[in-house]
Participant: 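Structure provided below as structure tokens; questions to follow.
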Amino acid sequence: MIERVVTFGAENCLTGIVSEPPVARSASPAVLLVTAGIIHHVGPYRLYVDLARKLAPAGFLTLRFDVSGVGDSQPRPDPLTDAEAPLADIREAMDFLQGRYGTCEFVLLGLCSGAYQAHEVAVRDTRVVGTVQLDGYGYRTVGHYLHQLVQKYLSPRRWTKFLLRKKKERSAGNWNPRPEDPRLEIYAEAFPPRPKVKKEIHGLAARGVRMLFIYSGGVPEYFNHRRQFVAMFGRLPAAAVAMEYFEWADHTYAWSPDREMLVERIADWLHEGFPSVMTPAIAAAAVVATGPV
Amino acid sequence: MNVPAFFGSSQHPLYGVYHPPTSRRLGSTGVLICGPIGLESLRSHWMLRRLADQLASKGIPAFRFDYSGTGDSWGHLRDASLGRWLLDVETAAEELLDSAGVRKLSAIGLRFGAVLAAEAARMVVPLEHLVLLDPVVTGRRYLHELRTLRDEKLARWKKQRGPCVKGDEEEILGFNFPRRLIREIEALDLRGELPKVKGKVALYSSYEDQEIVELGAQCDVFQLLDDATDWDRVEEAERALLAAALPRAAIEMFTGPKK
């Protein structure tokens with residue numbers, strides 16, 4: 001495997017690292033790892049480095065890069081909005097790989113805001129043949145509220161913490177209740193309407209885009225049980241869509257066993273969804289090695 | 001435009017970013033930026049990029065990089081060692097000298113990067129100035145703080161986790177440190193003997209404790225600053241470091257105070 005630092009995009013404002021496979025897998029899509037928030041291209045706890053160095057030796061050309069203004073990338077020279085800029089960045093990343101390596105199909109992988117961007121670009125660009133969305137869009141359903149109630153009111157551990165906190169507040173003379181987590185309102189407002197996203201996911205499935213959705217236990221404010229996925233987006237063809245709920249993992253996969261499991265799952269999904277096709281060179285080498293059939 | 005690149009040997013490539021001056025060059029000194037390790041490195045990436053940009057805007061070439069087994073550099077943390085990282089600092093120093101065409105070097109070290117910059121200066125890299133920002137003073141105390149944060153984070157997470165010590169590695173805030181490296185870190189004490197530099201050794205700290213005060217007494221410049229770092233708060237452990245006073249003080253070390 002060879003890694004190369006690359007700059008590309010408008011006025012070469014974008015920086016990334018391409019991990020080149022030692023042997024090309026014919027007709028395999030390239031994998032783009034989209035940054036999350038303001039974490040730079042190594043990913044949370046070096047997750048994207050681990051992914052790239054797992055996928056490239058397996059034959060997948062992989063690019064991890066910083067969207068404009070984040071990490072080692074410069075701000076864009078054009079006046080795009082904060083919402084439009086990362087989508088343009090991702091498309092320019094695809095343009096770059098297409099121009100440099102001839103790849104014309106892509107799998108976009110993103111965590112959190114990277115997942116939302118992966119979805120949005122997939123909807124707009126038919127070169128995207130797959131997405132891996134880690135803690136992507138989520139919407140509270142009736143089931144979500146019920147699970148929340150059960151977890152909140154039937155958990156001995158939560159009651160213990162609640163009572164200890166109240167005792168501490170009373171001792172300190174503080175009778176104010178803990179304020180509601182402000183992130184809840186941000187999540188409720190930042191996601192597009194559920195019917196729109198549902199329609200888009202179904203449209204992507206109909207277009208033949210393969211999708212892997214992985215939710216962690218770190219976003220209980222909008223996803224908290226496995227069946228919630230179907231409640232949010234309806235039934236989708238199993239050939240197109242896979243879903244995992246890693247309830248024990250936190251949002252950024254802070255613990256290494258969780259990251260290892262995540263990397264393995266993603267690699268397995270890619271191998272299943274985009275099986276290797278031997279190039280003539282590889283086939284010839286195989287004949288030499290094993291003898292003609 | 002900044003220049004990101006792999007450098008060093010092709011067997012063990014390191015990732016770094018050279019920030020060329022964007023205004024009239026100020027003097028003939030380049031500044032090597034030695035960042036933290038582990039989770040602190042992710043927190044501080046943005047701040048150090050901004051620091052390098054600001055140095056470059058003042059006419060001072062700057063270089064920041066990832067140590068072996070971290071960031072985009074080759075290898076795994078499990079293969080890292082103090083000796084390896086000191087070699088990396090030396091390699092990065094050579095890269096800056098080549099890239100910038102300067103004859104002299106200074107270094108800014110943040111947290112564990114301060115230890116590496118100081119050790120490298122003592123052993124292999126002659127420096128004009130050495131700036132220590134919130135330095136790790138003793139490895140023992142540093143590891144204790146990281147383990148405390150880790151244990152607090154574990155206690156807050158509602159799911160059961162496995163052991164943090166597995167075989168020859170210990171997981172500390174998401175990173176698997178080899179025991180060999182942990183022993184090396186435990187033995188470190190920056191108060192032992194600061195390197196001799198041609199200019200000044202400056203210490204700027206956002207927190208005050210006995211170790212910092214003792215180290216500060218050995219420096220040419222010692223200043224406590226009010227800044228948003230919160231290294232010991234688990235709520236901040238995954239949040240970007242938005243410190244302003246520390247980088248400003250570091251820059252003024254090279255440019256003089258802002259008029």
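Below, read A as the first sequence line, B as the second, and so on, with proteins coming before strands; counting in each chain starts at 1. Quantities reported herein were computed from a predicted structural model and do not represent experimental measurements.
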Participant: Between Trp231(B) and Asp134(B), is there a side-chain donor-acceptor contact under 3.5 Å, judged purely by atom types and distance?
Facilitator: yes
Participant: Checking heavy atoms, do the side chain of Ser73(A), its backbone, both or neither come under 4.5 Å from chain B?
Facilitator: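 Contact with chain B involves the backbone of Ser73(A) alone.
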Participant: Taking side chain as everything from C-beta outward and backbone as N, CA, C, O, which of these in Ile39(A) sits under 4.5 Å from a heavy atom of chain B? Side chain, backbone, both or neither.
Facilitator: neither
Participant: At a 4.5 Å cut-off on heavy atoms, which part of Arg259(A) comes close to chain B: side chain, backbone, both, or neither?
Facilitator: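 For Arg259(A), the contact with chain B is made by the side chain alone.
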Participant: Does any heavy atom of chain A fall under 4.5 Å from the side chain of Asp72(B), the backbone, both, or neither of them?
Facilitator: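 Looking at Asp72(B), backbone and side chain both touch chain A.
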Participant: Can you tell me if Thr229(B) and Ser206(B) form a side-chain donor-acceptor pair at under 3.5 Å?
Facilitator: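 A pair is found: one side chain offers a donor N or O, the other an acceptor, under 3.5 Å apart.
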Participant: Between Asp72(A) and Tyr15(B), do the side chains contain a donor N or O and an acceptor N or O under 3.5 Å apart?
Facilitator: yes
Participant: What part of Thr70(B) lies closer than 4.5 angstrom to a heavy atom of chain A: side chain, backbone, both or neither?
Facilitator: backbone
Participant: Counting heavy-atom pairs closer than 4.5 Å to chain A, which one of Gly69(B), Ser41(B), Pro13(B) comes out on top?
Facilitator: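 Result: the option with the highest number of such pairs is Gly69(B).
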Participant: Check each atom of Glu3(A) against the heavy atoms of chain B and say whether the ones under 4.5 Å are side chain, backbone, both or neither.
Facilitator: both
Participant: Most heavy-atom pairs under 4.5 angstrom with chain A, which of Phe175(B), Trp46(B), Phe6(B)?
Facilitator: Phe6(B)
Participant: Begin with the C-alpha distance, continue with both residues' side-chain angles, and end with the deciding distance and a verdict on side-chain hydrogen bond (donor to acceptor under 3.5 Å, both in side chains) for Trp85(B) and Ser68(B).
Facilitator: CA-CA 7 Å; Trp85(B) 284 348; Ser68(B) 301; 5.2 Å; no
Participant: For His251(A) and Asp135(A), test the side chains for any donor-to-acceptor distance below 3.5 angstrom and give the result as yes or no.
Facilitator: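 Distance-only check passes for His251(A) and Asp135(A).
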Participant: Before we go on, tell me: are the rings of Tyr245(A) and Phe229(A) under 6.0 Å apart, centre to centre?
Facilitator: no
Participant: Regarding Arg180(B) and Glu184(B), does a basic nitrogen lie under 4.0 Å from an acidic carboxylate oxygen?
Facilitator: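 Salt bridge absent between Arg180(B) and Glu184(B).
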Participant: Please state whether the side chain, the backbone, both or neither of Ser256(A) comes within less than 4.5 Å of a heavy atom of chain B.
Facilitator: both
Participant: Please classify the contact between Arg64(B) and chain A as side chain, backbone, both or neither, with a heavy-atom cut-off of under 4.5 Å.
Facilitator: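 The side chain, not the backbone.
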Participant: Non-hydrogen atoms of chain A under 4.5 Å away: do they reach the side chain of Ser10(B), the backbone, both or neither?
Facilitator: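 Contact with chain A is absent: no heavy atom of Ser10(B) under 4.5 Å.
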Participant: Check whether Val70(A) gets within reach of chain B through its side chain, its backbone, both or neither, counting any heavy atom under 4.5 Å.
Facilitator: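 The backbone, not the side chain.
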Participant: Any luck finding a side-chain donor-acceptor pair between Tyr45(A) and Glu238(B) under 3.5 Å?
Facilitator: yes
